[in-house]
Number of protein chains: 2
Amino acid sequence: MATIRDVSKIAGVSVATVSRTLSKPDKVSEKTRQIVHDAIKQTNYKPDILARNFRTRKSSTVVVLVPDIANPFFSRVIRGIEQTAQRLGYAVLLGDTQGERDREITYANMVHTSQADGIIQLDCHIPFEDKNDRTSPIVNACDCVRGTDMPTVQLDNVAAAKEMANHLISLGHTNIGIISGPENSTITNDRLRGFKAALEDGGLSYNSANRMYGDYSIPSGAMAASDLLSLPDAPTAIFCMNDEMAIGAIRQAKKMELNVPSDISISGFDDISFSEFSDPPLTTVSQPAEEFGSNAMQMLYDLMNDEEPANKNIFLPFELVIRESTGEKK
Amino acid sequence: MATIRDVSKIAGVSVATVSRTLSKPDKVSEKTRQIVHDAIKQTNYKPDILARNFRTRKSSTVVVLVPDIANPFFSRVIRGIEQTAQRLGYAVLLGDTQGERDREITYANMVHTSQADGIIQLDCHIPFEDKNDRTSPIVNACDCVRGTDMPTVQLDNVAAAKEMANHLISLGHTNIGIISGPENSTITNDRLRGFKAALEDGGLSYNSANRMYGDYSIPSGAMAASDLLSLPDAPTAIFCMNDEMAIGAIRQAKKMELNVPSDISISGFDDISFSEFSDPPLTTVSQPAEEFGSNAMQMLYDLMNDEEPANKNIFLPFELVIRESTGEKK
DNA sequence: AATTAAAATGTAATTGATTACATTTTTGGG
DNA sequence: CCCAAAAATGTAATCAATTACATTTTAATT
């Protein structure tokens with residue numbers, strides 16, 4: 001493998017000039033640039049990335065902390081990250097954390113050892129042992145920590161949930177169940193707040209007995225729906241905090257011989273690709289998943305290059321997608 | 001940040017000894033090992049990974065070439081890869097190639113520049129400009145190239161497709177449509193072969209007019225189903241080469257006022273998590289997705305460490321999962 | 001042509017770990 | 001206690017780029 005020295009010898013210039021030709025071409029005269037490029041072609045020289053990384057203390061790599069790569073929403077976010085990263089000349093290291101703090105910290109430490117230049121965190125955890133670590137470039141996307149100055153890319157989950165709940169209320173539902181995500185998630189809390197706000201606006205009161213917990217999986221949605229629908233005073237609509245749980249809930253309702261939506265309305269959140277094709281097609285909130293990724297990556301890029309990002313807290317637009325899983329209360 | 005030199009000074013030994021204490025502890029006396037470890041603790045020394053990578057020409061990183069990370073089957077495979085990689089001390093670089101040759105080559109070149117030590121390719125392409133490149137450790141998983149000596153982890157797609165087709169035939173179907181994947185894929189060819197073999201065994205003849213093409217997406221499945229069901233002599237069963245297309249096909253059948261399975265049987269392939277919850281639940285072939293990943297990673301590990309893997313062509317088991325989307329011919 | 005500033009180029013140190021080879025220490029058998 | 005072999009340790013080169021600083025060349029101005 002040719003080194004920069006081989007190139008410099010062939011071109012009859014110093015290694016510094018070769019290096020500059022590659023990294024700061026405007027510092028090199030037109031003539032020399034030409035000579036160097038010829039020599040590079042002739043030797044088939046490829047810069048040694050490992051040597052460069054070592055010397056510059058940069059790796060042109062970012063680490064993505066994702067609770068679960070197999071979640072279709074997250075995998076779209078990651079696709080957005082990957083595409084933007086590639087465009088900006090960065091590689092993406094995958095850190096599937098399964099929500100475990102140890103793994104998050106392990107991966108986040110790669111920044112301290114310069115194996116990665118920055119972090120995109122898709123979960124609402126701070127991946128540092130020292131909570132106030134302000135040295136690593138990091139962007140929090142999707143499910144964001146509150147009360148820190150970490151840059152974020154998020155949805156206005158309160159507003160989105162409120163809009164969805166309003167939709168349910170406008171259909172005449174007064175007894176609405178919730179299938180909630182885990183309690184310690186910012187997303188869960190925000191969506192719950194939005195939900196409550198809509199109830200209040202509608203003159204309805206919130207009944208905590210109507211809240212069941214799931215873990216964002218289909219079976220957990222089915223279980224929670226079973227509990228909800230077995231209540232003495234069962235709800236006529238169920239607000240689910242993601243699409244998978246809604247799909248599980250629909251399944252469960254059908255199993256219990258209930259018609260969706262005429263007996264029970266069910267709404268989801270995220271608009272994953274299967275939702276359009278569920279039976280009945282799911283009413284949900286669509287989010288621009290890829291854009292979470294591309295925005296987060298772009299923002300991280302600014303951070304890593306010491307440019308203050310224009311906006312440290314990006315809010316992406318959502319859209320209520322009304323399909324056929326919700327309908328008028330009987 | 002403390003360097004190995006700081007540690008050696010504190011411990012009163014040479015840098016070589018410190019290095020050996022870490023990488024080949026049995027070459028160092030018990031006493032020295034203790035002293036060095038104390039010094040490491042005292043200085044909070046962490047080896048500089050970049051320097052080590054540079055010196056050893058290794059990065060402890062593997063690159064995964066995946067046609068589409070947002071495909072639920074692939075994302076499970078990647079989860080398997082990630083978990084095993086983490087256990088073996090490797091990081092996973094994500095290469096979402098969108099099936100584009102350029103991107104595959106770009107990512108695969110990271111091995112030549114030592115940015116990665118090996119490649120896991122989930123698509124049936126050879127990611128090298130020189131087709132006979134035998135220098136990079138690489139494992140081909142899921143959709144595997146034929147006629148090379150590349151190690152593979154795959155399903156016996158011929159047998160699996162045959163079994164599924166037999167199931168359809170045993171239900172009395174004689175006119176069976178196919179919604180096929182892209183023509184240039186090994187998986188597609190193998191599944192088609194299995195399908196034809198079953199027809200032949202059943203004394204049925206293959207009719208190429210019954211084959212429609214999709215791209216593994218839900219909408220493409222719906223389109224293909226529409227074509228198939230509009231045929232003058234429409235099939236009574238449809239064999240789909242993945243679950244997404246089957247879900248699209250079911251949707252389309254319903255749209256055309258056909259009952260699944262009493263009017264039309266539809267089968268899938270992969271057993272993604274949504275298939276169990278589709279309406280009707282999908283008859284499909286289940287594959288151990290995570291194990292594709294973990295086996296591929298383990299095999300790659302052997303290859304990267306110059307150990308001949310026990311078995312260069314691993315076949316993983318499949319299982320016919322008969323649910324409710326297939327039924328007796330009327 | 002002389003002077004000076006700016007541009008281009010070169011020299012050589014630097015980064016931090018690994019490891020071939022050299023040297024020292026330990027071990028065990030006689 | 002001596003000696004050879006084995007074990008432990010040390011010395012210093014090495015990996016390939018970047019870059020601070022020094023030097024040379026070019027351009028511009030008088």
Side-chain angles (χ1 to χ4, degrees), chain A residues 1-40 43-61 89 109-117 305, chain B residues 1-40 43-61 89 109-117 305:
Chain A
M1 202 55 162
T3 74
I4 199 168
R5 246 157 271 271
D6 301 326
V7 176
S8 78
K9 231 169 269 169
I10 302 249
V13 299
S14 72
V15 292
T17 300
V18 178
S19 178
R20 274 187 291 252
T21 306
L22 261 18
S23 55
K24 319 181 175 80
D26 50 318
K27 295 271 171 204
V28 172
S29 75
E30 171 64 38
K31 207 179 65 185
T32 318
R33 216 181 306 156
Q34 197 56 55
I35 295 172
V36 170
H37 277 131
D38 286 353
I40 287 177
T43 53
N44 188 30
Y45 167 71
K46 301 266 185 304
D48 183 321
I49 312 283
L50 256 32
R52 175 184 292 168
N53 289 352
F54 169 50
R55 181 54 227 252
T56 61
R57 315 264 37 165
K58 296 229 159 84
S59 58
S60 291
T61 298
N109 273 336
M110 294 181 123
V111 174
H112 290 134
T113 58
S114 305
Q115 288 179 92
D117 300 338
N305 293 283
Chain B
M1 202 55 160
T3 73
I4 198 168
R5 251 156 269 271
D6 300 326
V7 176
S8 80
K9 232 170 267 167
I10 302 249
V13 299
S14 73
V15 293
T17 300
V18 178
S19 179
R20 275 187 290 251
T21 305
L22 261 19
S23 55
K24 319 181 176 79
D26 51 319
K27 295 270 172 205
V28 171
S29 76
E30 171 63 39
K31 206 179 67 186
T32 319
R33 215 182 306 156
Q34 197 56 55
I35 295 172
V36 171
H37 277 130
D38 286 351
I40 287 177
T43 52
N44 189 29
Y45 167 72
K46 300 264 186 303
D48 183 319
I49 312 283
L50 256 34
R52 174 183 292 170
N53 288 353
F54 169 51
R55 182 54 227 251
T56 60
R57 315 266 32 162
K58 296 228 159 86
S59 57
S60 291
T61 298
N109 274 337
M110 295 181 124
V111 174
H112 290 133
T113 58
S114 305
Q115 288 179 92
D117 299 338
N305 293 285

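Residue numbering restarts at 1 for every chain, and letters A, B, ... go by the order of the sequence lines.
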key: Set of residues satisfying side chain to side chain contact (heavy atoms under 4.5 Å, CB included) with respect to Asp38(B), sequence neighbours excluded   = Gln34(B)
Any pair counted as salt bridge (Lys or Arg N to Asp or Glu O under 4.0 Å), so long as it reaches residues 47-58 of chain A, sequence neighbours left out = Asp48(A)-Arg57(B), Arg57(A)-Asp48(B)
key: Contacts of type side chain to side chain donor-acceptor pair (under 3.5 Å), residue Asn53(B), not counting sequence neighbours   = none
ask   = Under the side chain to side chain donor-acceptor pair (under 3.5 Å) test, which residues partner Ser114(B), sequence neighbours left out?
value = none
message = So if I take the C1' atoms of five pairs at each end of the helix from dA1(C)-dT30(D) to dG30(C)-dC1(D) and get each local axis, what angle do the two axes make, rounded to 10 degrees?
response = 30°
ask   = If you round to the nearest 0.5 Å, how far is CD1 of Ile40(A) from CG of Asp6(A)?
value = 12.0 Å
Can you give each donor-acceptor pair under 3.5 Å made by side-chain atoms of residues 19-26 of chain A, sequence neighbours left out, with the distance rounded to 0.1 Å?
unit_1	atom_1	unit_2	atom_2	d
Thr21(A)	OG1	Thr17(A)	O	2.6
Ser23(A)	OG	Ser19(A)	O	3.0

request  = Indicate, with a heavy-atom threshold strictly under 4.0 Å, whether Asp6(B) touches base, sugar-phosphate, or nothing.
outcome  = nothing
ask   = What's the NZ-C1' distance between Lys27(A) and dT18(D), to the nearest Å?
value = 15 Å
ask   = So, is Tyr45(B) near the phosphate of dA17(C), with a side-chain N or O under 4.0 Å from OP1 or OP2?
value = yes
note = side chain to side chain contact (heavy atoms under 4.5 Å, CB included) filter on Thr43(B), not counting sequence neighbours, yields Ala2(B), Val7(B), Ile10(B), Tyr45(B)
key: Closest listed nucleotide, where the reference is the side chain of Val13(A) and the choices are dT18(D), dT9(D), dG10(C)   = dG10(C)
note = Under a 4.0 Å heavy-atom criterion, the protein footprint on nucleotides 19-26 of chain C, written with B, S and -, is B-------
For Lys46(B), side chain to side chain donor-acceptor pair (under 3.5 Å) partners two or more places apart = Asn44(B)
